[in-house]
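Data first, discussion second: the structure below is written as structure tokens.
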Amino acid sequence: MADTASQSPLAEDLGFDPAELRRKYDVERDRRLRADGNQQYVEVTGEFEHFLDDPYADPGFTREPVVREVDVLVVGGGFGGLLAAARLRAEGYDDLCIVEKGGDFGGTWSWNRSPGGAGDTEGYIYLPLLEETGYMPVAKYARAPEILEHSRRIGRHFDLYPCALFQTTVTGMRWQDDAARWRVDTDRGDVLRARFVVLAGGPLNRPKLPGIPGVDSFKGHSFHTSRWDYAYTGGSPEGGMTKLNDKRVAIIGTGATAIQCIPHLGEDAMHLYVFQRTPSSVDARHNAPT
């Protein structure tokens with residue numbers, strides 16, 4: 001049997017020591033493997049509840065409570081809810097109702113409007129109902145504004161806006177044997193009775209904060225990237241945050257969202273500090289127009 005160890009490249013041939021590199025990655029792996037798991041993060045409740053405020057919805061929105069019976073109630077207006085509602089429409093179900101916490105369709109993409117945001121899966125397979133709506137993404141990887149607009153396109157194409165209750169959260173759901181219906185209550189005082197309920201709520205609408213000392217006592221302006229405060233920074237998802245020109249900005253974390261918005265922050269802020277616990281694995285995107 002050949003001696004594989006003797007055939008391995010030497011450190012001087014490679015320009016680095018493979019054993020030392022493995023030890024380095026072992027250390028980084030061990031830093032990620034935490035017994036507390038998601039408990040390491042701070043929930044946005046109590047004094048942190050303002051991190052949940054929707055900067056894109058109408059803050060003074062009110063409406064009369066809705067009391068009605070429907071065939072199908074869809075909870076969630078992201079891609080899952082849009083797909084379910086669109087397919088039901090195509091099968092002839094006209095008596096639908098969609099309950100969505102945000103101010104528009106889009107789910108994750110309605111909340112996450114940070115500068116430079118984009119999908120990390122090819123738009124041709126990530127964006128649903130392209131053929132049905134007659135749309136083609138402008139590039140291999142779609143930018144966040146394009147994805148949000150496609151969500152709205154689905155809503156318009158399948159006439160889903162008239163049956164949607166936006167800025168509304170389900171507060172209770174229980175089955176009623178005598179009526180053979182689900183009773184669904186909301187924070188707007190709605191009472192909806194449905195033959196069928198489709199649960200299409202995702203996990204990415206609720207931000208979490210790093211569990212670090214001082215997160216509860218910082219007195220400067222702060223917000224989560226999933227609730228980007230353009231009123232404070234100026235600009236748009238394309239950048240141009242001129243209100244940061246005289247500001248020192250810190251961003252905590254270097255995941256995909258940070259990778260997308262850091263170049264814009266670095267260009268616009270007076271000084272940018274990037275705090276990284278564990279490096280991400282990043283590859284070239286090689287995006288190209290369709």
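Just so it is clear, the values below take in all heavy atoms, side chains as well, and ignore hydrogens, waters and symmetry mates. Since the structure is predicted, the reported quantities are computational estimates derived from the model, not experimental observations.
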Would you please indicate if the ring centroids of Tyr161 and Phe105 are separated by under 6.0 Å? yes
Any salt bridge linking Arg34 with Asp36? Criterion: basic side-chain nitrogen under 4.0 Å from a carboxylate oxygen. yes
Would you indicate whether the side-chain heavy atoms of Thr186 and Met173 approach each other to under 4.5 Å? no
Can you find a pair of side-chain heavy atoms, one from Leu88 and one from Asp94, that are under 4.5 Å apart? no
Under 3.5 Å, side chain of Tyr230 to main-chain N/O of Tyr56, donor-acceptor pair present? no
Pair Ser151-Trp109, side-chain hydrogen bond (donor to acceptor under 3.5 Å, both in side chains): steps then yes or no: CA-CA 9 Å; Ser151 302; Trp109 299 103; over 6 Å; no
Just checking His224 against Phe51, ring centres under 6.0 Å apart? no
Can you confirm whether or not the ring centre of Phe79 sits under 6.0 Å from the ring centre of Tyr126? yes
In terms of hydrophobic clusters joined by side-chain contacts under 4.5 Å, are Ile252 and Phe218 together? no
Would Asp229 and Lys243 pass as an ion pair if we require N to O under 4.0 Å? no
Within a 6.0 Å radius of atom CG on Asp283, are there more than 12 heavy atoms belonging to other residues, nucleotides or ligands? no
Quick one: CD on Gln167 to CZ on Arg63, what's the gap to the nearest 0.5 Å? 9.5 Å
Residues, nucleotides or ligands: over 12 heavy atoms within 6.0 Å of Phe16 CZ: yes
Return yes if some donor-acceptor pair links the side-chain N/O of Glu122 with the main-chain N/O of Tyr124 below 3.5 Å, else return no. no
Residue pair Val44 / Leu209, side-chain heavy-atom distance below 4.5 Å: yes
Output the distance between atom CZ (Phe166) and atom OG (Ser110), rounded to the nearest 0.5 Å. 8.5 Å
Using the side chain to side chain contact (heavy atoms under 4.5 Å, CB included) rule, take His150 and Leu130 through it: C-alpha gap first, then chi angles, then the decisive distance, then the call. CA-CA 9 Å; His150 184 63; Leu130 290 174; 3.7 Å; yes
For Glu132 and Arg153, run salt bridge (charged side-chain N to carboxylate O under 4.0 Å, His left out): C-alpha distance rounded to whole Å, both residues' side-chain angles, the deciding distance at 0.1 Å, then the answer. CA-CA 11 Å; Glu132 290 83 349; Arg153 180 180 297 107; over 6 Å; no
Which atoms form the tightest heavy-atom contact between Gly240 and Asp268, and what is the distance? N-OD2, 3.4 Å
Kindly say whether Gly37 contributes a backbone atom to a donor-acceptor pair with the side chain of Gln40 at under 3.5 angstrom? yes
Hydrophobic cluster identity match, Val67 and Leu165, side-chain contacts under 4.5 Å: no
Is there a side chain to side chain contact (heavy atoms under 4.5 Å, CB included) between Arg113 and Leu148 once you walk through the steps? CA-CA 9 Å; Arg113 306 189 195 187; Leu148 176 57; 3.7 Å; yes
How many angstroms lie between atom CD of Glu131 and atom OG1 of Thr133, to the nearest 0.5 angstrom? 8.0 Å
If you take the centroid of each ring, where Trp contributes its six-membered ring, are Phe48 and His50 closer together than 6.0 Å? no
Same hydrophobic cluster for Phe158 and Leu73, using side-chain heavy-atom links shorter than 4.5 Å among ILVMFWY? no
For a 4.5 angstrom cut-off between non-hydrogen side-chain atoms, does Pro137 reach Glu146? yes
Using side chain to side chain contact (heavy atoms under 4.5 Å, CB included), reason through Leu265 and Ile251 one step at a time and then give a plain yes or no. CA-CA 9 Å; Leu265 289 171; Ile251 184 165; 4.1 Å; yes
With the side chain counted from C-beta on, respond yes when Asp216 and Glu47 share a heavy-atom pair under 4.5 Å apart, and no when they do not. yes
Transitive ILVMFWY side-chain link Trp175 to Val191, under 4.5 Å: no
Do Asp185 and Arg183 meet the salt-bridge criterion of a basic N to acidic O distance under 4.0 Å? yes
Closest heavy-atom pair, Asp190 versus Val66, reported as atoms and distance to 0.1 Å, is OD1-N, 2.7 Å
How far does CG of Leu52 sit from OG1 of Thr45, to the nearest 0.5 angstrom? 9.0 Å
Any salt bridge between Asp54 and Arg227, counting N to O under 4.0 Å? no
Could you report the tightest heavy-atom contact between Cys97 and Val70, atom names first, then the distance? CB-CG1, 4.0 Å
Can you tell whether the side chains of Asp26 and Arg29 come within less than 4.0 Å, N to carboxylate O? yes
Got His221 and Phe223 here, is their nearest side-chain heavy-atom distance under 4.5 Å? yes
Carboxylate-amine/guanidinium contact Glu149 Arg156, below 4.0 Å: yes
Quick test of your reading of the model: are Arg181 and Glu69 salt-bridged, counting only N-O distances below 4.0 Å? yes
CG on Leu83 to CD1 on Ile154, rounded to 0.5 Å: 6.5 Å
Qualifying residue, where the test is salt bridge (Lys or Arg N to Asp or Glu O under 4.0 Å) with Asp95 and the options are Arg193, Arg68, Arg195: Arg68
Check against side chain to side chain contact (heavy atoms under 4.5 Å, CB included), His157 and Arg89: CA-CA 10 Å; His157 182 86; Arg89 273 277 196 260; over 6 Å; no
Can you establish whether the number of heavy atoms outside Glu91 located under 6.0 Å from its atom CD is more than 12? no
Establish whether Leu160 and Ile147 are linked, either directly or via other cluster members, by ILVMFWY side-chain heavy-atom contacts under 4.5 Å. yes
Taking the side chain as every heavy atom from C-beta outward, state whether Lys140 and Thr290 have any atom pair closer than 4.5 Å. no
Which pair of heavy atoms, one from Leu96 and one from Ala85, lies closest together, and at what distance? CD1-O, 3.8 Å
Minimal non-hydrogen separation, Pro115 against Ser236, with atom names: CB-O, 4.0 Å
Tyr141 ring centre to Arg285 NZ or CZ under 6.0 Å, with the angle to the axis within 45°? yes
On a heavy-atom basis, the closest approach of Ala258 and Pro263 is O-CD, 4.4 Å
Within the 4.5 Å heavy-atom criterion, are Trp228 and Thr233 side-chain neighbours or not? yes
Candidate pair Glu238 and Arg143, rule salt bridge (charged side-chain N to carboxylate O under 4.0 Å, His left out), full reasoning: CA-CA 10 Å; Glu238 303 301 322; Arg143 300 288 300 277; 3.7 Å; yes
Look at Arg206 together with Glu43 and state whether they make a salt bridge at an N to O cut-off of under 4.0 Å. yes
Supply the atom-to-atom distance Thr168 OG1 to Phe61 CZ, rounded to the nearest 0.5 angstrom. 6.0 Å
Would you say that more than 12 heavy atoms from the other residues, nucleotides or ligands in this model lie under 6.0 Å from the CG of Asp120, or not? no
Are the charged groups of Arg277 and Glu28 less than 4.0 angstrom apart, N to O? no
